[in-house]
Amino acid sequence: MPPVAARAAGWADGCAQVCAGRMLACSRTGAMPRPLHPHGPLCMTRPLPPAIVACRMQSHRNAVPPAIETLDIAEETPVSLTFNTMPHGVMMATPLDLEDFVTGFALTEGIVPDASALKGMTVRVEAEHIQVDARIDGPSFQRLLQRGRRAIAGRTSCGVCGTDASDVLQRPTPRVPCAPPELAAVHAALGRLRGRQVLNARAHMLHAAAWCAPDGEIVHVREDVGRHNALDKLIGAGVRADTDFGCGFCLITSRCSYEMAHKAIMAGMPALAAISAPTARAIRVAARSGLTLLAPVREKVVMAPLSV
């Protein structure tokens with residue numbers, strides 16, 4: 001069964017999801033609730049828009065007359081995040097796996113301490129944007145209020161838009177388990193990942209984040225036009241599936257920035273492997289928390305930063 005179809009198999013209330021064009025169907029009209037991990041329902045007012053859309057293009061090649069072709073491209077949709085109806089920010093994201101995205105975002109941004117603090121979500125699909133209202137428990141909401149309301153306009157390429165310098169410099173960096181992966185496992189995961197990138201196979205423009213078992217077997221994969229969004233979705237999917245993030249490693253298809261390292265640390269991951277090189281700040285943050293950083297990871301070589 002294809003990965004996206006497999007994710008759909010457990011959906012309740014007659015809901016089904018397929019990746020080709022992101023279709024949701026429900027046996028009832030109106031809102032479509034389904035379980036959100038064990039902690040609350042998800043209510044969706046309308047089907048989500050397609051994650052992949054077809055675009056007519058005029059192609060130009062040397063010594064060949066122009067031709068009309070159809071190209072699959074990824075959709076990019078403004079997703080407005082609110083917590084207990086209080087606006088928090090707008091992120092540009094691929095309209096797929098939004099419950100995973102918001103779960104991972106809330107955890108890695110320190111909005112909730114764990115998944116049990118998330119009590120449910122409502123997804124409202126409008127003509128040009130999507131609004132997700134996450135319901136969180138009282139203590140988490142009080143902490144969010146104390147942090148102050150700050151409008152965030154998040155581009156797909158940026159994970160800290162709307163924050164100030166103190167947010168970056170004073171973020172907590174807990175220690176993570178010391179469990180560096182075997183290089184053979186990293187190479188095995190790298191070889192398997194392309195076959196699991198079902199959206200990118202069509203659009204050739206999406207980032208992926210994968211959680212891998214110690215032997216390199218891929219457990220979860222999530223994709224998005226934004227690399228931070230892909231990692232948030234992966235973390236949310238793992239939390240909702242009760243995945244043990246202390247045993248295994250994360251593999252990402254993007255560069256390893258500070259924010260990617262920080263999110264991996266907040267999820268309790270012991271190791272992060274990236275296809276592209278890390279930034280200097282990512283190396284320093286990883287060193288402080290004991291995160292094993294492997295970047296860049298290529299078919300014939302794996303590099304592990306020592307110091308900066």
Side-chain angles (χ1 to χ4, degrees), residues 3 74 94 104 108 155-160 168 171 173 175-201 203-235 237-238 245-308:
T94 302
T108 61
R155 302 186 296 272
T156 52
S157 60
C158 179
V160 290
V168 174
R171 282 187 170 188
T173 52
R175 298 289 297 181
V176 296
C178 180
E182 296 289 337
L183 297 185
V186 177
H187 281 299
L190 185 63
R192 293 168 177 148
L193 182 54
R194 178 172 294 183
R196 297 288 299 272
Q197 294 176 253
V198 293
L199 295 181
N200 196 59
H204 308 288
M205 57 184 298
L206 291 102
H207 294 291
W211 178 250
C212 310
D215 63 357
E217 188 68 32
I218 293 179
V219 181
H220 304 294
V221 177
R222 290 296 184 268
E223 302 177 79
D224 199 277
V225 290
R227 55 195 170 93
H228 305 97
N229 299 344
L231 184 52
D232 277 334
K233 287 181 177 181
L234 172 71
I235 293 169
F245 279 140
C247 184
F249 61 95
C250 180
L251 175 61
I252 58 176
T253 62
S254 62
R255 73 181 183 273
C256 185
S257 63
Y258 145 80
E259 187 73 359
M260 301 297 272
H262 178 79
K263 287 179 181 294
I265 292 166
M266 292 300 291
M269 296 175 174
L272 176 63
I275 289 177
S276 296
T279 65
R281 180 172 293 278
I283 295 173
R284 290 192 291 267
V285 168
R288 284 200 299 267
S289 294
L291 175 72
T292 298
L293 205 56
L294 301 174
V297 172
R298 303 290 167 81
E299 184 178 349
K300 296 183 179 180
V301 63
V302 173
M303 303 188 74
L306 299 177
S307 62
V308 63

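Excluded from the calculations below are hydrogen atoms, water molecules and symmetry mates; all remaining heavy atoms, backbone and side chain alike, are included.
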Open item on the list: I'd like to know whether H228 forms a side chain to side chain contact (heavy atoms under 4.5 Å, CB included) with T108, so could you lay out the CA-CA distance, the side-chain angles of the two residues, the decisive distance to 0.1 Å, and finally the verdict.
Closed with: CA-CA 10 Å; H228 305 97; T108 61; over 6 Å; no
As an exercise, state the distance from [atom1] of [X] to [atom2] of [Y], rounded to the nearest 0.5 Å.
| X | Y | atom1 | atom2 | value |
| --- | --- | --- | --- | --- |
| M260 | T279 | CE | OG1 | 11.0 Å |
| F249 | L272 | CZ | CG | 10.5 Å |
| I265 | T173 | CD1 | OG1 | 6.5 Å |
| M266 | S289 | CE | OG | 9.5 Å |
| E259 | R227 | CD | CZ | 8.5 Å |
| L206 | D224 | CG | CG | 7.0 Å |

For a 4.5 angstrom cut-off between non-hydrogen side-chain atoms, does [X] reach [Y]?
| X | Y | value |
| --- | --- | --- |
| E223 | V198 | yes |
| R298 | I275 | yes |
| E217 | R192 | yes |
| P181 | L294 | yes |

For the student: nearest non-hydrogen atoms of [X] and [Y], plus distance:
| X | Y | result |
| --- | --- | --- |
| P270 | P177 | CB-O, 3.2 Å |
| S254 | A274 | O-CB, 3.6 Å |
| P305 | P278 | CG-CG, 3.8 Å |
| L293 | A286 | CD2-CB, 4.1 Å |
| V221 | A210 | CG2-CB, 3.9 Å |
| A189 | I218 | O-CD1, 3.7 Å |

Task: Worked verdict on D232 versus K263 for side chain to side chain contact (heavy atoms under 4.5 Å, CB included) - done: CA-CA 8 Å; D232 277 334; K263 287 179 181 294; 3.1 Å; yes
TODO: Under the side chain to side chain contact (heavy atoms under 4.5 Å, CB included) rule, what do L231 and C250 come out as? Steps first, then yes or no, please.
DONE: CA-CA 9 Å; L231 184 52; C250 180; 3.8 Å; yes
- [ ] Decide yes or no on side chain to side chain contact (heavy atoms under 4.5 Å, CB included) for F245 and I235, but give the supporting numbers first.
- [x] CA-CA 9 Å; F245 279 140; I235 293 169; 4.2 Å; yes
Open item on the list: Do T94 and N229 pair up side chain to side chain, a donor and an acceptor below 3.5 Å, judged on atom types alone?
Closed with: no
TODO: Inspect the surroundings of CZ in R175 and state if more than 12 heavy atoms from other residues, nucleotides or ligands are less than 6.0 Å away.
DONE: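 Yes.
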Task: With sequence neighbours excluded, residues passing side-chain hydrogen bond (donor to acceptor under 3.5 Å, both in side chains) with H187 - done: none
